[in-house]
Amino acid sequence: MNFDINQNNLYLLLPSKVAWVADMLSEDKNISIVEATKAIYSSDTYKQLETESTKLWHLGPVAIYQGMAD
């Protein structure tokens, strides 16, 4: 079996990463989970996350969340 991550299958990893980051953002900013999720999907961080060549998907949710604040 081939378990390589590439641009064609990266989308399979993103929902769980977004969910973790949205939970942190919701708690820290005292906003709803829906607002947090929308903020993530419209962020520059998400644009990088959905691009396989950036390898941002390698990072855990805490590092991704910290990157959003930078």
Undergrad: CG/Asn6 to OG/Ser53 distance, rounded to the nearest 0.5 angstrom?
TA: 12.0 Å
Undergrad: Same cluster or not: are Ile40 and Ile33 linked, directly or through other Ile, Leu, Val, Met, Phe, Trp or Tyr residues, by side-chain heavy atoms under 4.5 angstrom apart?
TA: no
Undergrad: Atom NZ of Lys17 and atom CD of Glu50: how far apart are they, to the nearest 0.5 Å?
TA: 15.0 Å
Undergrad: Does anything in residues 19-42 form a side-chain hydrogen bond (donor to acceptor under 3.5 Å, both in side chains)? List the pairs, not counting sequence neighbours.
TA: Asp28-Tyr65, Ser32-Glu35
Undergrad: With sequence neighbours left out, what residues match Lys47 under side chain to side chain donor-acceptor pair (under 3.5 Å)?
TA: none
Undergrad: How long is the gap from NZ on Lys55 to CD on Gln48, to the nearest 0.5 Å?
TA: 14.5 Å
Undergrad: Kindly compute the distance separating OH (Tyr46) from CG (Leu49), expressed to the nearest 0.5 Å.
TA: 6.5 Å
Undergrad: Are the side chain of Asn9 and the backbone of Leu12 linked by a donor-acceptor contact shorter than 3.5 Å?
TA: no
Undergrad: Any idea which heavy atoms bring Ala36 and Ala22 closest together, and the distance?
TA: CB-O, 3.4 Å
Undergrad: Quick check: does any side chain N or O of Gln7 sit under 3.5 Å from a backbone N or O of Glu52, one acting as donor and the other as acceptor?
TA: yes
Undergrad: Looking at residues at least two apart in the chain, or sitting in another chain, which of them share a side chain to side chain contact (heavy atoms under 4.5 Å, CB included) with Leu59?
TA: Leu56, Ala63, Ile64
Undergrad: Any donor and acceptor pair, going by atom type alone, linking the side chain of Thr51 with main-chain N or O of Thr54 inside 3.5 Å?
TA: no
